[in-house]
Amino acid sequence: MKKMIITLGIGASLLALAGCQDKSAPETNTSSFLTQPLITDIYTADPSAHVFNGRIYIYPSHDIDSGITTDGEGDKFDMKDYRIFSMDEVGGAITDHGEGLKLENIPWASRQLWAPDATEKNGKYYLYFPAKNKSDIFQIGVAISDSPTGPFTAEPEPINGSFSIDPAVFNDDDGAYYLYFGGIWGGQLQRWTTGTYNPDDNYPAANEPALSPKIARLSDDLVQFSEAPKDVQILDEQGNPLLSSDTERRFFEGAWVHKYNGKYYFSYSTGDTHKIVYAVGESPYGPFTYKGVVLMPVLGWTNHHSIVEHNGKWYLFYHDSQLSGGKTYLRNIKVTELVHNADGSIQTVDAYFE
Ligand code: FUB
């Protein structure tokens, strides 16, 4: 354990009020934010939270102020390592465990350690992460440790058959582990529509089904896919696939799955419309039917989350750009309580006070 950081986050969130606000200008009034940053000495984003042995561990990505301001191919996100954090409970002191994995120790990767996730099996811990390979194509790797805090040792090659970004691992009650992944635009999912990488972007027409995120069951040793990745179908209330033009609801990036009352909740970012939304299904493979909004737009362009249960309450981990005054590539992680209604629907979180 390296050092303790005091968190300010949850207190304000428990006073949540619905509201809306102009998000176009950098925010300076900290009291208007629903919650405060969990980590303030570095920039952190894309928080994947899990409970291991009763403690909450957070696996965020690490935004670095590198001075790169060009947007092309996600260059602004100059991410070179993963830092790991933990806490006894939401609202408690946060422990910074330092670097769990560094870019220079991943043999196949060249740059851009984007949003990771982690899981545990038989006392070993597995960190899944996207990175660009030496040909500048995103793939997904896995690194293993005997401790949830690392250090993690990367497998020499990316997961065979993996592509795109934002892995999210889901451990079902029957012992099966699944990896969800994918992201359009900078995440390159649109370059895999034929099954192999094509450097040209290939988006469906407006009236065609949107590009689907992917799922693959993991092998018993959790380091490979045990099946070819399949499409995750997201349907509207009439059972039709969400269309490419439906930017308020279609998948963009940042998949996450949690199980509540026996149902599978598939949540994700809508990217250019800046929301976290969710859809519900009866199987980890889907199909999932669109239900509504989990989190309204936050300060900064990206929106990325995870959902975890701890001590009988559900929590939404997310990020915004409060610390950097609105710079999308310099973000900070946050947490607030998430409430499921009696009918299974999720109460929408607004990231701002009115
Ligand atoms: O942090 C880099 C990328 O930005 C993530 O992979 C996306 O989900 C978005 O948050």
Side-chain angles (χ1 to χ4, degrees), residues 37 39 42-49 58-66 68-83 101 103 106 109-118 127-133 136-141 158 162-169 179-191 211 213-214 232 250-257 266-278 294-295 297-307 316-324 326-334 351:
I39 312 292
I42 61 169
Y43 292 110
T44 53
D46 309 322
S48 290
I58 313 170
Y59 300 86
S61 42
H62 179 192
D63 285 344
I64 296 167
D65 195 355
S66 63
I68 298 173
T69 52
T70 46
D71 246 335
E73 299 290 319
D75 290 334
K76 276 182 180 178
F77 298 107
D78 186 27
M79 298 144 95
K80 296 178 174 152
D81 62 9
Y82 292 115
R83 296 269 291 257
L101 181 65
L103 180 63
I106 305 169
S110 67
R111 63 188 188 124
Q112 292 176 341
L113 293 183
W114 285 15
D117 193 19
L127 182 69
Y128 297 87
F129 58 91
K132 282 186 174 162
N133 64 20
D136 233 24
I137 299 171
F138 268 120
Q139 288 197 270
I140 294 167
S162 69
F163 53 91
S164 196
I165 60 165
D166 290 3
V169 59
L179 199 72
Y180 299 84
F181 59 96
I184 63 173
W185 291 26
Q188 301 182 340
L189 189 60
Q190 71 281 0
R191 298 180 183 174
L211 290 174
K214 306 293 175 191
V232 174
R250 63 92 171 89
F251 174 81
F252 190 101
E253 63 187 4
W256 189 263
V257 170
F266 182 82
S267 45
Y268 54 95
S269 168
T270 61
D272 52 340
T273 53
H274 315 293
K275 292 180 192 139
I276 302 296
V277 299
Y278 74 106
V294 174
L295 176 63
V298 299
L299 181 64
W301 199 92
T302 66
N303 203 346
H304 191 117
H305 76 301
S306 64
I307 294 170
L316 174 72
F317 285 78
Y318 65 106
H319 70 218
D320 67 15
S321 301
Q322 180 183 340
L323 274 181
S324 69
K327 292 194 178 85
T328 281
Y329 55 99
L330 297 176
R331 298 161 290 180
N332 49 260
I333 60 171
K334 297 186 160 188

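In this chain, numbering begins with 1 at the start of the sequence shown. Just follow the structure's listing: the first ligand is 1, and inside any ligand the first atom is 1. These values consider heavy atoms only, across backbone and side chains, with no hydrogens, waters or symmetry-generated copies.
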Colleague: Tell me whether the centres of the aromatic rings in Phe252 and Trp301 are closer together than 6.0 Å.
Modeller: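 Here the rings of Trp301 and Phe252 have centres that are less than 6.0 Å from each other.
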Colleague: Applying ring pair (Phe, Tyr, Trp, His ring centres under 6.0 Å), name anything that partners Phe266, two or more places apart in sequence or on another chain.
Modeller: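 Here the qualifying residues are Tyr180, Tyr268, Phe288.
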Colleague: Starting from the N and O atoms of ligand 1, find every protein N or O within less than 3.5 Å and list the pair with its distance.
Modeller:
from	atom 1	to	atom 2	distance (Å)
ligand 1	1 (O)	Asp46	OD2	2.5
ligand 1	1 (O)	Arg331	NH1	3.3
ligand 1	1 (O)	Arg331	NH2	2.7
ligand 1	4 (O)	Arg331	NH1	3.3
ligand 1	6 (O)	Ala115	N	3.4
ligand 1	6 (O)	Asp166	OD1	2.5
ligand 1	8 (O)	Asp166	OD2	2.7
ligand 1	8 (O)	His304	ND1	2.7
ligand 1	10 (O)	Asp46	OD1	2.7
ligand 1	10 (O)	Arg331	NH1	3.2

Colleague: Between Ser324 and Leu330 (side chain of the first, backbone of the second, donor and acceptor by atom type, cut-off under 3.5 Å), is there such a pair?
Modeller: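 Checked: pair present.
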Colleague: Between Tyr43 and Tyr329, is the ring centre distance below 6.0 Å?
Modeller: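 No, ring centres 6.0 Å or more apart.
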Colleague: Is there a donor in the side chain of Gln139 and an acceptor in the side chain of Asn133, or the other way round, less than 3.5 Å apart?
Modeller: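 Yes, because at least one side-chain N or O of Gln139 sits under 3.5 Å from a partner of the opposite role on Asn133.
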Colleague: Is the ring pair Trp114/Phe138 parallel, tilted or perpendicular, if the boundaries are 30 and 60 degrees?
Modeller: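 Judged by the thresholds at 30° and 60°, the geometry between Trp114 and Phe138 is tilted.
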